[in-house]
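What follows is one structure encoded as structure tokens, with my remarks underneath.
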Amino acid sequence: MSEHELRVSKIRDGTVIDHVEGGQALNVLAILGIDGSEGFGVSVGMNVPSDRLGRKDIVKVEDRELSQSEVDVLSLIAPEATINIVRDFEVVEKNRVTRPDTVTGVLSCPNRNCITNADEPIETRFDVVADGVRCDYCATILRADIAEHIDV
Amino acid sequence: MMRQDHLITATQLSRDDIETVLDRARAVADDPAAYADRHAGRVLALCFFEPSTRTRMSFDSAAKRLGMNTIDMGDVDSSSVSKGESLSDTVRVIEGYADAIVLRHPSEGAATLAGERVDVPVVNAGDGAGQHPSQTLLDLHTIREDHGLDDLTIGIMGDLKYGRTVHSLAAALTEFDANQHFISPESLRLPRSVRFDLHETGAQIREHEEIEPVLDELDVLYVTRIQKERFPDENEYHRVAGEYRIDAETLEAADDDLTVMHPLPRVDEIAPDVDEADHARYFQQAHNGVPVRMALLDTLLENANPDGDEGTGVDR
Ligand SMILES: [Zn+2]
């Protein structure tokens, strides 16, 4: 794929999250807790043509290497994502995301009556189950609608 | 031997845990005097963030019959909770006053949170529409004394969606060889999370909208209240509630040995004419709350104080 088709320029150092399901790029940033205020260069490509996904999103974060535990959370909304760690314009590491056992503090519980939505000093915690995640406090199961419950 | 620090949900209980408590409940019921000073000098905190009469009194009675004292938070209106204190802070403070905490709270997951914040045993006495596992233990004790817990066919009827006693009972029964029939209106079926757990255990469950087709197969019929506030429209409530009401005539089609249970309070889902029938067991069931909660507190306190020398109670 040529530079022109990608529409997002190469980065010198940082992380490229590729093969994100179309439309999920902003959720990827939300899950990673990146909103621009950190001062990293962030570029987002949306609905880029892809052989594998039809349309895909790409997220590039400059000067920041994401850890495996950070990126594994992405598997919930972008199971096909690949993570490229770039140093001096070269991809030095390429990983797939794998499903974590638990997700802490990223998602909010959709059950309004859950104690995690009361005014308590508490982080949400979800168990990753067969095809979704499950609140450790109230047992509510979150499936396809996960992206709607990302705490931004 | 039950290995738990807290009792938060029925899903945490193994068959062994359940049988440990129920065996002890039987022993307590047979010889209550032997337990009278068991936990003398210990204190149980009753923290009810939601109104309750019978569960609170049942725990109060159980604790006192073990020689314990109880301290009661009182009504939520008059406590520091209304001044905006978090549950996390409240239980941390109360931990210093008591050897165990019984908690009822309107939010699902409240007891889980409390259990994470304190070291003394926490008993969940109801968390919103979540769980009510001590009720389940007394329900199981009642069923066990009549029928045993294996090779059992039970019908659970009423509000299965919000009924926390139902969620706990259904989960606990998966530890035994029980066929579970769930009878409810479409809008009050079991919630997805409970269904998920039942499915995971491979439990045999069937769902129905009417009681009649399954009534004669049942060993136990567990009736729960359908609450008016679950319906947007009062006429709809009256129509639905009327369909899930049983009376002596309904029970003519039942097996002679059918046991009818209800976590109480009932409104009119069981007609008073059932009270006199041999089937009725709901008052006995409520009474069983005392020996079962004695056994539960005894077990949890024993786990929390393995040397048995912190209270002035009898050494074992
Ligand atoms: Zn929750």
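Every chain is numbered from 1 and lettered A, B, ... according to where its sequence line falls, protein lines coming before strand lines.
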- Message: Tell me whether Arg112(A) at atom CZ has more than 12 heavy atoms from other residues, nucleotides or ligands lying less than 6.0 Å away.
- Response: no
- Mind running side chain to side chain contact (heavy atoms under 4.5 Å, CB included) on Ile122(A) and Leu113(B) for me, showing each step along the way? CA-CA 8 Å; Ile122(A) 183 179; Leu113(B) 171 66; 3.6 Å; yes
- Item | Residue from Ile115(A), Asn111(A), Thr116(A) passing side-chain contact (heavy atoms from CB on, under 4.5 Å) with Glu108(B) | Asn111(A)
- For Asp119(A), look at atom CG and say whether over 12 heavy atoms of other residues, nucleotides or ligands are found less than 6.0 Å away. no
- Tightest non-hydrogen contact, residues Leu87(B) and Glu120(A), listed as N-OE2, 2.6 Å
- Proximity breakdown for Asp136(A) and chain B, heavy-atom pairs closer than 4.5 Å: backbone
- Message: Do Tyr137(A) and Asp127(B) have side chains that approach each other closer than 4.5 Å (heavy atoms only, starting at C-beta)?
- Response: no
- Task: Sort Glu116(B) into side chain, backbone, both or neither according to what part of it lies under 4.5 angstrom from a heavy atom of chain A.
- Result: side chain
- For Glu90(A), does the CD atom have more than 12 heavy-atom neighbours from other residues, nucleotides or ligands under 6.0 Å away? no
- What are the two closest heavy atoms between Arg192(B) and Ile141(A), and how far apart are they? NH2-O, 2.7 Å
- Task: Side chain from CB out, backbone as N, CA, C, O: work out which of these in Pro106(B) comes under 4.5 Å of a heavy atom of chain A, or both, or neither.
- Result: backbone
- If you count the non-hydrogen atoms of other residues, nucleotides and ligands that lie under 6.0 Å from NE2 in His208(B), is the total more than 12? yes
- Message: More than 12 heavy atoms of other residues, nucleotides or ligands under 6.0 Å from CG of Asp101(A): yes or no?
- Response: no
- Other residues, nucleotides, ligands: >12 heavy atoms within 6.0 Å of Tyr97(B) OH: no
- Item | Pairwise distance CZ(Phe196(B)) to OG1(Thr140(A)) - rounded to 0.5 angstrom | 12.5 Å
- Item | Nearest heavy-atom neighbours spanning Ser107(B) and Cys114(A) | CB-C, 4.4 Å
